[in-house]
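Index from 1, following the sequence.
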Amino acid sequence: MPERAPLRIAFTNIPRRLWAGGYNYQRNLFEALNRYAPGAVTPVLFAGTADDADEIATLASIPAVEIVRSPVFDHAGAGLARATGLARAMTFGLDGPAVAEFRIRGINMVFESARFFGWRLPFPAIAWFPDFQHRLLPHLFSRGAYWRRDLGFRVQIASGRHIMVSSATALADLKRFYPGLKNGVSVVRFATEPPASLLATNPSDVIASYKLPSRYFYLPNQFWRHKNHRVVVAALDLLKRRGLDVVVAASGNTQDAREPDLFERTMKEVGSRGLDANFRHLGMIPLDHVYALLRASVALINPSECEGWSTTVEEAKSFGVPMILSDIDVHREQTEGRARYFGIHDAEALADQMSEVAQTAAPATVRHLSPNLEPRVEAFVADFIRLTRDAIGSADR
């Protein structure tokens, strides 16, 4: 029998500056597919002409990944290109220029992430719903932003997309917020296995370059309101009042379009409480530095109020890094109870957990990939491959 040709799946680039977790998700997926299912899928990444060259080069270096650059996929003009594509998809049922690019490249399937290509899309499509933040935390959205996001989900549902969610928690939310759903739905819990090239950097050198102490907590979340950095600042204040000086190293994008002054206000609060030496924000740092700091930290902190399946938690699991997490359902699901938890607004409980870790942690060490990681990544890839077959089956019915 002739070998089955790889399934050519169209992905659209997610710039790291806009959503680091989304960029890392796709990079990790492409790496895992190449390693554990070679020849099964050819990811074809459609990127804008101005998207970061280094980020695109990283993805292009993964075997089997193809890159297509086109102004059709630009993120420029305050979202004008994307808005125009959405308007075409909504008005005519098809984002014609994008579909033309897909046809030229021989696409078999489309992976929609925060972009809708129309209900007349002539390809099977998977719609990824990362989380339901707008329904869970509606106060963080303007009325317009809330309805744009909700309408996007509803249009994808009405168009018969096969829906992918990343956790049983998100599946329960999907059924609760959109009752009567008839679409095919798959839960695909991702697992991360960073490539060796991102682990070659010496953590000691990275720690020294940022002038960090040898023992520190790490908080690698983008500075968005729901990521809840302020509870960490409050916990550090409590610890300092108790006579315990600890350091939290934070990294990630500082821009939140919904609340542009959030970072500045938070850092002003850090200064007014005398915590400049305790809360160190390093900015948007290279991925190899992220992994170096994570591997050498005494613990990861993720205080987020909402997650679909946390990338930072998954990365900590990959190295066996201890975790202190907000007590939300998906964190419990993701760690199977093997972490420390605190209420999302409970700075005292977070301070207690940090105090216990700081005073009982082993000497500073650099962790390596966990021996139980490979089966988890294999399961992730198998679930994704099964999802593609289910989506094709749904489209054929």
Side-chain ion pair, [X] and [Y], N-O less than 4.0 Å:
| X | Y | answer |
| --- | --- | --- |
| Asp52 | Arg17 | no |
| Arg376 | Glu314 | yes |
| Asp390 | Arg386 | no |
| Glu193 | Arg35 | yes |
| Lys268 | Glu264 | no |
| Arg69 | Asp51 | no |
| Arg340 | Glu356 | yes |
| Glu55 | Arg16 | no |

Under 3.5 Å, is there a donor-acceptor pair linking the side chains of [X] and [Y]?
| X | Y | result |
| --- | --- | --- |
| Ser318 | Thr192 | yes |
| Asp74 | Thr49 | yes |
| Gln359 | Ser355 | yes |
| Ser310 | His331 | no |
| Asp150 | Tyr178 | yes |
| Gln156 | Arg161 | no |

Heavy-atom closest pair, residues Pro322 and Arg367: CD-NH2, 3.5 Å
Determine the minimum heavy-atom distance between Met109 and Ala391, stating which atoms define it.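 Looking at all heavy atoms of both residues, the closest pair is CE-CB, 3.9 Å.
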Does the ring-ring contact (aromatic ring centres under 6.0 Å, His included) test come out yes or no for Tyr25 and Trp128, once each step is laid out? CA-CA 12 Å; Tyr25 180 92; Trp128 179 29; 4.4 Å; yes
Could you tell me if the ring centre of Phe117 sits under 6.0 Å from that of Phe123? no
Taking the six-membered ring of Tyr210, is NZ or CZ of Arg280 closer than 6.0 Å to its centre and within 45° of its axis?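 No, cation not above the ring by the 6.0 Å, 45° rule.
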Donor-acceptor under 3.5 Å (Asp131 side chain, Glu307 main chain):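 Not a single qualifying donor-acceptor pair exists.
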Hey, what's the ring geometry for [X] with [Y], parallel, tilted or perpendicular (30° and 60° as the breaks)?
| X | Y | value |
| --- | --- | --- |
| Phe177 | Phe132 | tilted |
| Trp309 | Phe190 | perpendicular |
| His229 | Phe223 | parallel |

Close side-chain approach of Arg135 and Asp173, heavy atoms under 4.5 Å: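 No, their side chains stay 4.5 Å or more apart.
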When you look at CZ of Arg241, are more than 12 heavy atoms from neighbouring residues, nucleotides or ligands closer to it than 6.0 Å?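 Atom CZ in Arg241 is not crowded, with 12 or fewer foreign heavy atoms closer than 6.0 Å.
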After noting the C-alpha distance and the side-chain angles of Val231 and Ile344, does the key distance pass the side chain to side chain contact (heavy atoms under 4.5 Å, CB included) rule? CA-CA 8 Å; Val231 74; Ile344 56 175; over 6 Å; no
